[in-house]
There are 2 protein chains.
Amino acid sequence: MALTRDHVVATAVELLRRYGLADLSMRRLARELEVQPGAIYWHVASKQELLVEVAAALLAELPGVREEVPQSEALAGLVELATAVRAALAPVPDAADVVGMAYAAERGSVTALRELRGLVGRAGVPADACDAVTDLLVHHILGSVALEQNERLAQAGDAGGAGRDGAEVARSFAVGLEVIVRGLVAARVITS
Amino acid sequence: MALTRDHVVATAVELLRRYGLADLSMRRLARELEVQPGAIYWHVASKQELLVEVAAALLAELPGVREEVPQSEALAGLVELATAVRAALAPVPDAADVVGMAYAAERGSVTALRELRGLVGRAGVPADACDAVTDLLVHHILGSVALEQNERLAQAGDAGGAGRDGAEVARSFAVGLEVIVRGLVAARVITS
DNA sequence: ACCTGAACACCGTTCAAGT
DNA sequence: ACCTGAACACCGTTCAAGT
């Protein structure tokens, strides 16, 4: 079967899910595809470009946001989407690094995060504060994902550790999200 | 002059400041110290351990927080400290990655961030929410630092770009910080 | 105690040459 | 158009042997 860009990206995603970012090298990927390392560079310009595609793929399955969301539901939709993004990334090793890098390189490269920004706008955040608020939300999501994965590793270390488990990290995330949403109103970023 | 752990760390910091994380390899560091790569491993167990030391060193110069801060001043002190940390890291290439990695590996490894957590507690955040709120603040700081450095790179790319400059990123950071602080009260995390 | 020399097992990327 | 083979310039880490 001939190599295609989609196949390269899909295999990279699988490698990430199974073994993490450290084992997602261009050479390892080539071995998985039963091809020489140089062959990959016909379909993808660089590892950086590949990782941006991987990040997009990780969040491509999320149900899209309805086009027309009334302002009254925008904040709730925002909380829902942020929670869904966190849940989708949490089980993927090093997902926070991969998505964080893609978002830093090009904010529009990940659909779900573009939709998040749209909801921020529709919730009433003025245009000149949209980026700041979206960044705050994205960093909260990715920080929480990274944290949960770290707890998992630490817990695997000490056998019966009293470390915070996934559910507890998810609760902390919800608290932080609530703080942000309430803060938007209290700081008069949203005048409602 | 005999190599010491402090000298190794200080040289690593200098390398990071001047050339960024990509050029801070154990081998490059050894060359800078005029020593064989293996020699570094007598003073430091691994690159990971070295980077944790580097992260601590980057924020070691910050003025410490007074021990006894009344609750009425804790929130203001928190904003001040967060702003100072951001300002200290902003000019250091890849500082967000280095400090983020150290914070993820061991939350107590960076003094200034430990002090931030102390202020969160003294501001009235209950013990079981301290970590969540501190994480939110730390990720906001590091996210903003990473963003500003990205803007700088993007601006260096297109000559007279309309990209957001450092001052604008700093303003966005302040907005986010205000949202968080107000949100703490509005979400009744702090009952004041 | 502290360092050298040399090795082990890897990287990302490029590119002439083949099919 | 798509891929191989082979090279270039690197990595982090280990460890016997030297001083």
Side-chain angles (χ1 to χ4, degrees), chain A residues 1-55 57 93-94 97-102 104-106 109 153 157, chain B residues 1-55 57 93-94 97-102 104-106 109 153 157:
Chain A
M1 177 177 50
L3 219 48
T4 63
R5 185 176 166 105
D6 280 354
H7 189 211
V8 169
V9 171
T11 308
V13 169
E14 219 180 292
L15 232 37
L16 181 70
R17 293 196 120 101
R18 275 217 262 255
Y19 309 107
L21 192 55
D23 281 17
L24 176 43
S25 68
M26 296 302 264
R27 297 178 106 104
R28 178 88 169 71
L29 180 57
R31 236 160 59 216
E32 206 74 15
L33 292 165
E34 292 178 293
V35 101
Q36 295 297 314
I40 297 177
Y41 287 84
W42 184 262
H43 301 277
V44 130
S46 64
K47 187 174 182 180
Q48 153 117 1
E49 187 184 298
L50 175 66
L51 289 181
V52 168
E53 291 292 302
V54 168
D94 303 311
D97 297 76
V98 176
V99 175
M101 187 253 191
E106 184 57 61
S109 60
L153 290 185
Chain B
M1 177 177 51
L3 219 49
T4 63
R5 185 177 166 104
D6 280 356
H7 188 211
V8 169
V9 172
T11 308
V13 169
E14 219 180 291
L15 232 37
L16 181 70
R17 293 195 121 102
R18 277 216 262 255
Y19 310 107
L21 192 55
D23 280 17
L24 176 43
S25 69
M26 296 303 262
R27 298 179 106 103
R28 179 87 169 71
L29 180 56
R31 234 159 60 216
E32 206 73 17
L33 293 165
E34 291 178 294
V35 102
Q36 294 297 315
I40 296 177
Y41 287 85
W42 183 263
H43 301 277
V44 130
S46 64
K47 185 174 183 180
Q48 152 119 0
E49 188 184 298
L50 175 67
L51 289 182
V52 168
E53 291 292 303
V54 167
D94 303 311
D97 297 76
V98 176
V99 174
M101 187 253 193
E106 184 58 61
S109 59
L153 291 185

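Within every chain, numbering begins at 1; the chains are lettered A, B, ... in the order of the sequence lines, protein sequences first and strands thereafter. This is a predicted model, so every value here is computed, not measured.
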Quiz item: Quick one: B/L29 CG to D/dG12 P, roughly how many Å, whole number?
Solution: 9 Å

Quiz item: Taking the side chain of B/M26 as its heavy atoms from C-beta onward, which of D/dT4, D/dG12, C/dG12 lies nearest to it?
Solution: D/dG12

Quiz prompt | Whole angstrom value for the distance that separates P of D/dA9 from CZ of B/R31 | solution = 13 Å

Quiz item: Reckon A/H43 has a side-chain N or O less than 4.0 Å from the OP1 or OP2 of D/dA1?
Solution: no

Exercise. Give the nucleotide from the list D/dT4, C/dT4, C/dT13 with an atom nearest to the side chain of B/A39.
Key: C/dT4

Quiz item: Between D/dG12 atom P and B/I40 atom CD1, what is the distance in whole Å?
Solution: 9 Å

Quiz item: Looking at side-chain heavy atoms only, is the closest gap between A/R18 and A/D23 below 4.5 Å?
Solution: no

Self-check item: Atom-pair distance (CG on A/L24; P on C/dC11), nearest Å
Solution: 11 Å

Exercise. Let me know the distance between CD of B/Q48 and C1' of D/dT13, rounded to the nearest Å.
Key: 14 Å

Quiz item: Within this structure, what is the CZ-to-P distance between A/R5 and D/dA1, rounded to whole angstrom?
Solution: 17 Å

Practice problem: Sticking with atom P, work out how far C/dC10 lies from D/dA9, rounded to a whole angstrom. | Solution: 22 Å

Quiz item: What does D/dT19 pair with, Watson-Crick or G-U, if both distances are under 3.5 Å?
Solution: C/dA1

Quiz item: For the pair made of CZ in B/R27 and P in D/dT14, what is the distance, rounded to whole Å?
Solution: 13 Å

Practice problem: Consider the side chain of A/Y41, meaning its heavy atoms from C-beta on, and name the nucleotide among D/dC3, C/dG12, C/dA7 that approaches it most closely. | Solution: C/dG12

Quiz item: If only side-chain N and O atoms of A/W42 are considered, is one of them under 4.0 Å from the OP1 or OP2 phosphate oxygen of D/dC3?
Solution: no

Exercise. Would you check if B/R28 and B/R31 make a side-chain contact, meaning some heavy-atom pair closer than 4.5 Å?
Key: yes

Self-check item: Atom-pair distance (NE2 on A/H7; C1' on D/dC2), nearest Å
Solution: 16 Å

Quiz item: Taking the side chain of A/Q36 as heavy atoms from C-beta outward, which of C/dG12, C/dT4, D/dG5 is closest to it?
Solution: D/dG5

Quiz item: For C/dC10, which nucleotide in any strand shown is its Watson-Crick or wobble partner with both distances under 3.5 Å?
Solution: none

Quiz item: So, do B/L51 and B/L16 sit near enough that their side-chain heavy atoms are less than 4.5 Å apart?
Solution: no

Exercise. Check the surroundings of atom CD in B/E49: do more than 12 heavy atoms from other residues, nucleotides or ligands lie under 6.0 Å from it?
Key: yes

Practice problem: Could you work out the separation of C/dC11 and D/dC8 based on their C1' atoms and round it to a whole Å? | Solution: 12 Å

Exercise. Specify the residue among A/A45 and A/S25 whose closest nucleotide of DNA chain C lies further upstream toward the 5′ end.
Key: A/S25

Quiz item: Considering only C/dC3, D/dC3, D/dC11, which nucleotide approaches the side chain of A/L3 most closely?
Solution: D/dC3

Practice problem: Look at the side chain of B/R5 and the backbone N and O of B/H43, then say whether any donor-acceptor pair between them is shorter than 3.5 Å. | Solution: yes

